[in-house]
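Please read the structure below before turning to the comments.
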Amino acid sequence: MVQSPSGFRNNREPPESLLVQTPDLPVPTASMSNLSGIHVEVASNIRSKTYELFGGAIKMSLPADLIDASDLRQVPNTQEVFLSKDTDISYIIEVLERVEAGKEEEAVKFHFNALADDNSATKTEIELIEEPKTAPAGSSPPAQPPCWSLIGTQHVPKFNKSTQQPDIVKIFLLLWRVDAKQSDVVLTINVPMVTVSDGSAGGVGEEGAERVRSIWEKARASFKVDDFELFA
């Protein structure tokens, strides 16, 4: 039995920062031999694995070498948070109370705007919204609920930086509507496109964002709910 996350919210826990600064700790690199029982694949030069989230209740494919943020700091029990080893990209999976919206498209916009509010974004832009590609099939509730997709950009002031020099962060967001359990599952990938630190420019740029887009698409296709008691 999976322990249900407590304290469902229709607003996110305010993040410490989209660009989580990780200490210089030795991080073990997973090898094929020590991943027994975990599905690992190499595609588009990005090695991925199937993560068992929330005690195995949800499964999803993400890059294989992510750092589990709960090893570095406390993470709310309604979230799973992972950090890239080599960049400031972060991956946040959340189980939230279902957002009631007149149109389904408004629900995915709500989650994007809630993130912008949490991060005091000075400017936002939605570039793409896609409705679910296929109707759920099979079991009821379906193991792969309907998924809405959004790509957008937020200008986010960081730490002691002025609002005139915000970081430009591309947001890759997926929203699964678990209607039978009155819940939303949200994946947010925060990709720093342009950052400024001590006068030096950084960020992953367009090439890095394209790599993340392939990760985002694979996460959407691989998502599966194995235990609906998560939402009890």
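Here, residue 1 is the first one in the sequence, and each next residue gets the next number.
Side chains of Asp86 and Ser84: no donor on one and acceptor on the other come within 3.5 Å. His155 and Asp167 are not linked by any side-chain donor-acceptor pair at a separation below 3.5 angstrom, with hydrogens and angles left out of the test. With no hydrogens or angles considered, no side-chain donor-acceptor pair links Glu97 and Ser183 at under 3.5 Å.
Side-chain atoms of Trp216 come within 3.5 Å of backbone atoms of Leu173 as a donor-acceptor pair (strictly under, hydrogens ignored). No side-chain donor-acceptor contact under 3.5 Å links Asp227 to the backbone of Ile58. Panel note: side chain Tyr91, backbone Asn190; no donor-acceptor pair is recorded below 3.5 Å.
A salt bridge between Lys170 and Glu125 is absent, with no side-chain N of the basic residue lying under 4.0 Å from a carboxylate O of the acidic one. The pair Glu100-Arg98 meets the salt-bridge criterion, with a side-chain N (NZ, NE, NH1 or NH2) lying under 4.0 Å from an Asp/Glu carboxylate O. The existence of a salt bridge linking Glu106 and Lys109 is confirmed by a sub-4.0 Å separation between a basic side-chain nitrogen and an acidic carboxylate oxygen. Of the charged side-chain nitrogens involved, none lies within less than 4.0 Å of a carboxylate oxygen, so that Arg177 and Glu131 do not count as a salt-bridged pair.
Rounded to the nearest 0.5 Å, atoms CD (Gln144) and OG (Ser222) are 8.0 Å apart.
Counting heavy atoms from C-beta on, the side chains of Val156 and Ser120 never come closer than 4.5 Å. Here the side chains of Ser61 and Ser48 are in contact, with some heavy-atom distance below 4.5 Å. Within the 4.5 Å cutoff, the side chain of Thr188 has heavy atoms near those of the Ile171 side chain. Residues Phe82 and Ser90 fail the side-chain proximity criterion, which asks for heavy atoms closer than 4.5 Å.
Across all non-hydrogen atoms, the minimal contact from Ala209 to Val204 is N-CG2, 4.1 Å. Nearest heavy-atom pair across Pro145 and Phe223 is CD-CE2, 3.6 Å.
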Starting from the C-alpha separation in whole Å, work towards a yes-or-no answer on salt bridge (Lys or Arg N to Asp or Glu O under 4.0 Å) for Arg213 and Glu206. CA-CA 10 Å; Arg213 182 165 183 155; Glu206 290 296 336; over 6 Å; no
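Atom CD of Glu207 has 12 or fewer neighbouring heavy atoms from other residues, nucleotides or ligands inside a 6.0 Å radius.
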